[in-house]
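As a basis for the values below, the full set of heavy atoms in this structure was taken, side chains included, without hydrogen atoms, waters or symmetry mates.
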Amino acid sequence: MYTRPIIFKIYSVVVIVFAILGFISSITQLFIPNNPLLSLIPNLDDVFTAIKIVSVIASMITLFFGYMEFSAMYTFADMIEYEKSNSLYPFQKKSFVLPAKFYKSFGAAIFYISLFVQFIFIIATVIISSIEKKAFISLPLIPIAISLLSLLLTYIIYYAKFKTFSDLLEIVSSKNITEKLKVSLKESKPNLLRGYCTFLFVVAILISISVLILIFVLFSPISALIGTLGALIVSVIYLILGAILFLLLSVIGCSFDNLAKMLEHYMIKYKLV
């Protein structure tokens, strides 16, 4: 059974709204003059201007990522509604949605860029560690393990997710399914998507427990500083933030689980398993 599509739509709208607000905020900063006192310090004014420009570029990239997440999640919600309708006609995507293959290319590009960066990082880490320890090859296990874990998460979040979404969007939008698309669909791994859903659920639970422990441990020290009422207000704020984070992780996890479910449906339909 699929998650209610409206939940994914609300999440997708929240994502794009925050991305737009961040972009508008960074653009606004360009028109705010630097403090006149900065001109008294050599080159500092130029540094702040450079920071503003970098901030705008970063916000543009964030906006693009937000749009990709928004359009994919919103469309996937529409695809769930389409599945439930048992329509005999091909799925019609919204006008703001990009071609299916673009999402697959986007996910692949992010993964391969990450692969290149992590490869350089690991090589540099091994060289530095070998020089420091005066060994021919010294493998710093913790940094390498973190790097590989980061790469695995990037593979799931971008490559596997957007490839699956792209294939499913192409399938529901077409009257005739090509053999090439069937091969691509067969290469997908629903258990990997479902495993990431479980991972997010565990993380959400651990965060919730950590928030409760943090409130319990810090309540007395905070109460001593700002009073019992102040400690209660801080505790409520922590609870709200923890609940929001739990909900966000739950929605994201459900989207991966639903992708896996729809993927398995079409793999069975076309006898790919």
Within this structure, what is the [atom1]-[atom2] distance for the pair [X] and [Y], rounded to the nearest 0.5 Å?
X      : Y      : atom1 : atom2 : answer
Ile20  : Thr62  : CD1   : OG1   : 12.5 Å
Leu259 : Leu192 : CG    : CG    : 12.0 Å
Asp78  : Met73  : CG    : CE    : 12.5 Å
Leu185 : Leu272 : CG    : CG    : 5.5 Å
Ile10  : Arg4   : CD1   : CZ    : 8.5 Å
Ile24  : Ser59  : CD1   : OG    : 10.0 Å

[atom1] ([X]) with more than 12 external heavy atoms under 6.0 Å:
X      : atom1 : result
Tyr270 : OH    : yes
Met267 : CE    : yes
Phe201 : CZ    : no
Phe65  : CZ    : yes

Discussion item. Measuring only between side-chain heavy atoms, which start at C-beta, is Ile122 closer than 4.5 Å to Leu148?
Written reply: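 Sidechains of Leu148 and Ile122: in contact.
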Discussion item. Quick one, Leu212 and Leu239 - any side-chain contact, counting heavy atoms below 4.5 Å?
Written reply: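 Yes, close enough: below the 4.5 Å cut-off.
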[X]/[Y] ion pair, N-O < 4.0 Å:
X      : Y      : answer
Lys261 : Glu83  : no
Glu264 : Lys269 : no
Lys182 : Glu179 : yes

Worksheet item: Could you walk me through whether Lys104 and Ser184 pass the side-chain hydrogen bond (donor to acceptor under 3.5 Å, both in side chains) check?
Response: CA-CA 11 Å; Lys104 183 184 293 187; Ser184 180; 3.2 Å; yes
Item to complete: Examine Leu218 and Leu232 and state if one hydrophobic cluster contains both, with Ile, Leu, Val, Met, Phe, Trp and Tyr joined whenever side-chain heavy atoms are less than 4.5 Å apart.
Response: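 Shared cluster, no.
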Practice prompt. Provide the full list of ring-ring contact (aromatic ring centres under 6.0 Å, His included) pairs with a residue in residues 239-267, sequence neighbours left out, each pair given once.
Written response: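 Output for this query lists Tyr196-Phe256.
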Discussion item. Going by ring-ring contact (aromatic ring centres under 6.0 Å, His included), name the pairs with one or both residues in residues 69-90, residues two or more places apart or in two chains.
Written reply: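 Applying ring-ring contact (aromatic ring centres under 6.0 Å, His included) to every pair that reaches into residues 69-90, excluding sequence neighbours, yields Phe70-Tyr74, Phe70-Phe96, Tyr74-Phe96, Tyr82-Phe91.
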Worksheet entry | Residues Ser114 and Tyr155: side-chain donor-acceptor under 3.5 angstrom |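 Not at all, the side chains of Ser114 and Tyr155 share no donor-acceptor pair under 3.5 Å.
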Practice prompt. State, without any angle test, whether Thr75 and Lys94 hold a side-chain donor-acceptor pair at a distance under 3.5 Å.
Written response: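 Short answer, no.
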Worksheet item: Should Ser255 and Tyr11 be marked as a side-chain hydrogen bond (donor to acceptor under 3.5 Å, both in side chains) after you check the CA-CA gap, both sets of side-chain angles, and the distance that decides it?
Response: CA-CA 10 Å; Ser255 70; Tyr11 168 82; over 6 Å; no
Worksheet item: Is the ring centre of Phe64 less than 6.0 Å from the ring centre of Phe106?
Response: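 Here the rings of Phe106 and Phe64 have centres that are less than 6.0 Å from each other.
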Between the side chain of [X] and the main-chain N/O of [Y], is any donor-acceptor distance below 3.5 Å?
X      : Y      : answer
Thr125 : Phe121 : yes
Asp257 : Gly253 : no
Asp167 : Leu181 : no

Practice prompt. Let me see the working for Lys93 and Ser173 under side-chain hydrogen bond (donor to acceptor under 3.5 Å, both in side chains), right down to the final yes or no.
Written response: CA-CA 8 Å; Lys93 63 184 180 67; Ser173 303; over 6 Å; no
Fill in: Candidates Tyr159, Phe165, Tyr158 - the one meeting ring-ring contact (aromatic ring centres under 6.0 Å, His included) with Tyr103
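Only one option passes, and that is Phe165.
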Worksheet item: Mind checking what makes side-chain hydrogen bond (donor to acceptor under 3.5 Å, both in side chains) contact with Ser12, not counting sequence neighbours?
Response: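 Residues passing side-chain hydrogen bond (donor to acceptor under 3.5 Å, both in side chains) with Ser12: none at all.
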